[in-house]
Trainee: 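Following this message is one structure expressed as structure tokens.
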Amino acid sequence: MGRHVQFTDTHLILHLTGFTGLFALKWKVSIDYRHIKNVFVDGFDAPLWMLRMPGTSIAPLHIYEGSFKYANDWYFLSYEKRDHLINMELDGHDKYRYVIFQIDRPAEVAADIRNRMAARR
């Protein structure tokens with residue numbers, strides 16, 4: 001998997017490596033813990049009418065990498081399967097309203113994010 005999470009004192013940084021970063025046309029997404037409104041592990045089906053701006057999508061294979069716009073909201077998607085994804089709803093981020101990504105041990109990562117959110121409030 002071409003992504004990993006770095007936790008700093010104030011930010012979560014999602015790093016994309018290899019082909020994942022290349023297909024997303026982005027190598028990292030930085031999010032202040034204070035901007036994370038909600039985080040949970042669940043599936044996600046990208047709406048059919050999402051616009052890639054920029055990014056890569058292969059809808060029949062459920063591969064989404066990069067920035068997408070749907071219903072006036074910006075999404076950052078990075079996954080190759082539709083289930084067991086980290087889903088983050090943001091409030092106040094300079095671009096994204098939702099960041100949804102695949103990672104090993106998603107329940108542990110989500111719990112770590114929630115703990116860091118609580119510590120920053």
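Residue indices begin at 1 and follow the sequence shown. Model, not experiment: these values are computed from the prediction.
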Trainee: Would you give the length of the straight line joining atom NZ of K37 to atom OH of Y98, rounded to the nearest 0.5 angstrom?
Mentor: 7.5 Å
Trainee: As an exercise, state the distance from OG1 of T20 to CD1 of I63, rounded to the nearest 0.5 Å.
Mentor: 9.5 Å
Trainee: Flag yes if more than 12 heavy atoms outside H62 fall under 6.0 Å of its NE2 atom; otherwise flag no.
Mentor: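 More than 12 heavy atoms, drawn from other residues, nucleotides or ligands, come within 6.0 Å of this atom.
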Trainee: Mind checking whether R97 and L90 have side chains closer than 4.5 Å, heavy atoms only?
Mentor: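 In short, these two side chains do not touch, never coming nearer than 4.5 Å.
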Trainee: OH/Y79 to CD1/I86 distance, rounded to the nearest 0.5 angstrom?
Mentor: 14.0 Å
Trainee: Determine whether L14 and R3 make a side-chain contact, defined as any pair of heavy atoms from C-beta on separated by less than 4.5 Å.
Mentor: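 Side chain of L14 against side chain of R3, heavy atoms only: contact under 4.5 Å found.
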Trainee: Count the heavy atoms of every other residue, nucleotide or ligand shown that sit under 6.0 Å from NZ of K28, and state whether that count exceeds 12.
Mentor: no
Trainee: Do you know the tightest heavy-atom contact between L25 and P54?
Mentor: CD1-CB, 3.5 Å
Trainee: Group every Ile, Leu, Val, Met, Phe, Trp and Tyr by side-chain heavy-atom contacts under 4.5 Å, then state whether F76 and L51 land in the same group.
Mentor: yes
Trainee: Does any non-hydrogen side-chain atom of L77 lie less than 4.5 Å from one of M50?
Mentor: yes
Trainee: Measure up the Y75 and F44 rings against each other and bin them: parallel (under 30°), tilted (30 to 60°), perpendicular (over 60°).
Mentor: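 The arrangement is tilted - the two ring planes meet at 30° to 60°.
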Trainee: Do M53 and W74 have side chains that get closer than 4.5 Å, going by heavy atoms?
Mentor: yes
Trainee: To check you understand the geometry: which heavy-atom pair defines the closest contact between Y64 and A59, and what is its length?
Mentor: OH-CB, 3.5 Å
Trainee: Do the non-hydrogen side-chain atoms of D42 and L85 ever get within less than 4.5 Å of each other?
Mentor: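 D42 does not reach L85 side chain to side chain.
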Trainee: How far does CD1 of I100 sit from CZ of F40, to the nearest 0.5 angstrom?
Mentor: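 I100 CD1 to F40 CZ: 7.0 Å, rounded to 0.5 Å.
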Trainee: Which atom pair, heavy atoms only, marks the closest approach of A24 to L16?
Mentor: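 Result for this residue pair: CB-CD1, 3.7 Å.
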Trainee: Which atoms form the tightest heavy-atom contact between P106 and V41, and what is the distance?
Mentor: O-CG2, 3.5 Å
Trainee: If I take atom CG from residue L22 and atom CD from residue E65, how far apart are they, to the nearest 0.5 angstrom?
Mentor: 10.0 Å
Trainee: Between Q102 and E80, is there a donor-acceptor pair closer than 3.5 Å when you use the side chain of the first and the backbone of the second?
Mentor: yes
Trainee: What's the separation between atom NE2 in H93 and atom CE in M88, rounded to the nearest 0.5 Å?
Mentor: 8.5 Å
Trainee: Does the side chain of F7 reach to within under 4.5 Å of the side chain of L12, using non-hydrogen atoms?
Mentor: yes
Trainee: Going only through I, L, V, M, F, W and Y residues with side-chain contacts under 4.5 Å, is there a path from Y96 to M117?
Mentor: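 Linked, Y96 and M117 end up in one cluster.
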Trainee: Is there a side-chain contact between S78 and K26 (heavy atoms, below 4.5 Å)?
Mentor: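 Side-chain contact under 4.5 Å: no.
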Trainee: Output every pair passing side chain to side chain donor-acceptor pair (under 3.5 Å) with a member in residues 47-56, not counting sequence neighbours, ordered by first then second residue.
Mentor: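 Pairs touching residues 47-56 that pass the test: R52-S57.
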Trainee: List for me each residue that meets side chain to side chain donor-acceptor pair (under 3.5 Å) alongside H15, sequence neighbours excluded, and say none if there are none.
Mentor: Q6
Trainee: In this structure, which one of I31, V5, T8 forms a side-chain contact (heavy atoms from CB on, under 4.5 Å) with I13?
Mentor: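 Passing option: T8.
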Trainee: Using the six-membered ring wherever Trp is involved, compare the ring planes of F19 and F23 and label them parallel, tilted or perpendicular (cut-offs 30° and 60°).
Mentor: parallel
